[in-house]
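Treat the numbers as computed from the prediction; the structure is a model and nothing was measured. No hydrogens, no waters, no symmetry mates; every other heavy atom, side chains included, goes into these values. A note on names: the letters A, B, ... follow the listed sequences, proteins ahead of strands, and every chain is numbered from 1.
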Amino acid sequence: MARYGMVFDLKRCIGCNACVIGCKQENSLPDGMFFTRTLSEEYGVYPAVKRVYIPTLCNHCEDAPCEKVCPSGATHTRDDGIVMVDADKCIGCSSCAVACPYDQRSQVDKDLLSHGLFGTSELTPFEKDGYKRFVPGTITKCDFCSERVDAGLDPACVVTCPTEARIFGDLDDPDSKASTLIRERNGKPPMPELKTRPKVYYID
Amino acid sequence: MTIQDSKIVGDNFQVGVRFQRYWDTSMANAFFCGELGAGIFFVSFLFDFVTGMVAGLLITGIFKSYFHITHMGVPMQSWRAILRPDRSWISRGLMAITCYLGLGAVHCLILAFDLETAWGLGTAVGNLVQLLAACAALVVMTYQGLAMSHSTAISLWNTALMPVSSMTYALTGGTVLTLLLGWNKVFAVMPQGQESLVSKILLLLLIDAIVLASVVYSAKNRSRGGKVSALLLLTGAYRQVFLSLVIGAGLILPMMLLWFVPGNLIAVLLAAAGILIGHYSYRVLVFKAGVYEPMTSFR
């Protein structure tokens, strides 16, 4: 069984946020909800100032704190390592959201589903169809586009990235591109001191 | 570092500190009612004071439950919260609340109607019920702090002092309200009990103050996010509420009242009001000042 993970090549990321839009389209995310974000940070002192872009999403941690605290068993890890939320079991207590050190969870507010991205109370056919996947009041998050992965495809953010800064693959396969990059370019997980053992790595 | 340097980024796509926004005032209300109710029950239990125990059970059973239900995204599925006692403090807490409410009510009925004699149960059943009810009340007092302390995401909460503060605040509020509820009843015929409770409230207030200072100090020295939380309370947006209500009304005022006029009902009433205001403000502020650590920078 594969153990899926993702690598972010910070040298390639240009902060275009195409991944964010691709994710929103694929998952029909309502206004204000994001499963992935590209954060920016400026550092240095003028004139030696630089900006770095840091893509973020759910890190699908091996030792996921969100799964540990979930009182209903809604948060669970699949055999392939993808951390999922079963909306039918979620009670919306938000304990996973306050346990996730990466702030990668979103609550499906009833209000969010009542208005479309164009700011009107009328939903487009795309939104009407897409919002059916959400159960109001529950917590949701990135699932590495599990439906696409099950069909043998890469997550939407990966295929949308114009610079190939996002690399998805099997971390248990030493020959996968993701494993090779982590090994050869000293991939680092985010906030390793928390010992959550993320399956997302950064290389620069 | 000052609060201006901390770069609180909100929902912006920037690296920085973000406020937790998932556990809000309804959760603070639920925690407050849970701690207070269990605290009153536990202290009243020590005096076999049925009115106090019933009050504690009602505060927990009605108000804590109501505020939890209003917080839940899917209230009709709330029963599922009991399914994972092996790993979740919310599940364990819910089991403890169920035991506490059920066995606490049975204990009150046994005491009020002398059911041990009436039904010929013997003392063993009554003793077991009261022991389990008291243990469950102790868990209800502390599990909320344990649920918070297990969150490594938020430095202000991620400390073993959180359950301690839950326990000491619960006991302080519980003791002062038990004293008030029993002023003309159980303590009218037992003045030494009244004096003993006043001295214990003073001791508990002192412990509250030490624990509170330790929570803020440890957060300030633990991480960048923890420092932001501490600065928000001490010098930032929540300074006035923290200093005036949590410290002033919640600790200093009741200490002075109970120290200088310990046997006066009005003084005890004012002290109780101050303690409850301080406890509630503390609960709200701990949620409001909780922030996520900034995402690791890779520069």
Note to self: For the interface with chain B, which of A/Pro65, A/Cys70, A/Cys90 has the highest count of heavy-atom pairs at distances below 4.5 Å?
What the structure shows: A/Cys70
Checklist line | Engaged part of A/Lys50 at the chain B interface, taking heavy atoms whose separation is under 4.5 Å | finding: neither
Item checked: Inter-residue atom distance A/Cys93.SG - B/His68.NE2, 0.5 Å rounding -> 10.0 Å
Margin query: Can you tell me which portion of A/Asp109 sits under 4.5 Å from chain B's heavy atoms? Options are side chain, backbone, both or neither.
Written below: neither
Checklist line | Best-contacting candidate, B/Arg84, B/Gln77, B/Arg80, B/Met72, against chain A by heavy atom pairs under 4.5 angstrom | finding: B/Arg80
Next item on the list: Look at atom CZ of B/Phe63 and say whether more than 12 heavy atoms of other residues, nucleotides or ligands are closer to it than 6.0 Å.
Entry: no
Note to self: With a 4.5 angstrom heavy-atom cut-off, is it the side chain or the backbone of B/Ser78 that approaches chain A, or both, or neither?
What the structure shows: backbone
Checklist line | Nearest-0.5 Å distance, OG1 of residue B/Thr152 to CD of residue A/Glu193 | finding: 9.5 Å
Notebook entry, point to check: What do you reckon, is CE of A/Met84 surrounded by more than 12 foreign heavy atoms closer than 6.0 Å?
Noted result: yes
Check: Nearest 0.5 Å, what's the CD1-OG distance between B/Ile90 and A/Ser95?
Finding: 4.0 Å
Notebook entry, point to check: Do B/Tyr22 and A/Asp103 pass the side-chain contact (heavy atoms from CB on, under 4.5 Å) test, and can you show the C-alpha distance, the side-chain angles, and the key distance before you say yes or no?
Noted result: CA-CA 10 Å; B/Tyr22 300 100; A/Asp103 189 16; 3.4 Å; yes
Check: So how far is it from B/Gln14 CD to A/Glu42 CD, rounded to the nearest 0.5 Å?
Finding: 6.0 Å
Next item on the list: Considering only heavy atoms and a distance below 4.5 Å, find which of A/Pro71, A/Gly137, A/Ser40, A/Ala97 pairs most often with chain B.
Entry: A/Pro71
Notebook entry, point to check: Roughly how far apart are B/Arg18 CZ and A/Tyr102 OH, rounded to 0.5 Å?
Noted result: 14.5 Å
Next item on the list: Determine whether A/Lys68 and B/Ser88 make a side-chain contact, defined as any pair of heavy atoms from C-beta on separated by less than 4.5 Å.
Entry: no
Next item on the list: Please look at B/Arg21 and chain A and tell me whether the side chain, the backbone, both or neither of the residue comes under 4.5 angstrom of a heavy atom of that chain.
Entry: side chain
Next item on the list: Report, as yes or no, whether the 6.0 Å neighbourhood of atom NZ on A/Lys24 holds more than 12 heavy atoms from other residues, nucleotides or ligands.
Entry: yes
Note to self: Can you tell me which portion of B/Gln20 sits under 4.5 Å from chain A's heavy atoms? Options are side chain, backbone, both or neither.
What the structure shows: side chain
Check: Which pair of non-hydrogen atoms, one from A/Ser94 and one from B/His71, has the smallest distance, and what is that distance?
Finding: OG-NE2, 4.1 Å
Next item on the list: With a 4.5 angstrom heavy-atom cut-off, could you sort out which part of A/Val108 is near chain B: side chain, backbone, both or neither?
Entry: neither
Check: Above 12 or not: heavy atoms from other molecules or residues under 6.0 Å from OH of B/Tyr66?
Finding: no
Item checked: Engaged part of A/Cys100 at the chain B interface, taking heavy atoms whose separation is under 4.5 Å -> backbone
Next item on the list: Quick one: closest heavy-atom pair of A/Ala99 and B/Ala153, and the distance?
Entry: O-CB, 3.7 Å
Next item on the list: For chain B, find which of A/Thr38, A/Thr138, A/Val20, A/Leu194 contributes the most heavy-atom pairs closer than 4.5 angstrom.
Entry: A/Thr38
Check: Looking only at heavy atoms, which of residues 159-167 of chain B get nearer than 4.5 Å to chain A?
Finding: none
Margin query: Looking at every non-hydrogen atom in both residues, tell me the closest pair between B/Ala81 and A/Ile91 and how far apart they are.
Written below: CB-CD1, 3.6 Å
Next item on the list: Applying ring-ring contact (aromatic ring centres under 6.0 Å, His included), run through A/Phe34 and B/Phe13 and close with a yes or a no.
Entry: CA-CA 11 Å; A/Phe34 301 96; B/Phe13 278 27; 5.1 Å; yes
Next item on the list: Measure distances from A/Thr196 to the heavy atoms of chain B and classify the residue's part below 4.5 Å as side chain, backbone, both or neither.
Entry: neither
Next item on the list: Check B/Arg87 against A/Gly73 and note the closest heavy-atom contact, atom names and distance.
Entry: NH2-CA, 3.6 Å
Checklist line | A/Lys141 atom NZ, neighbour heavy-atom count above 12 within 6.0 Å | finding: yes
Notebook entry, point to check: Just how far is it from atom CD of A/Gln104 to atom OH of B/Tyr292, taken to the nearest 0.5 Å?
Noted result: 10.0 Å
Next item on the list: Below 4.5 Å from any heavy atom of chain A, which atoms of B/Trp79 appear? Answer side chain, backbone, both or neither.
Entry: neither
Checklist line | Set of residues satisfying side chain to side chain contact (heavy atoms under 4.5 Å, CB included) with respect to A/Cys161, sequence neighbours excluded | finding: A/Thr163, A/Ala165
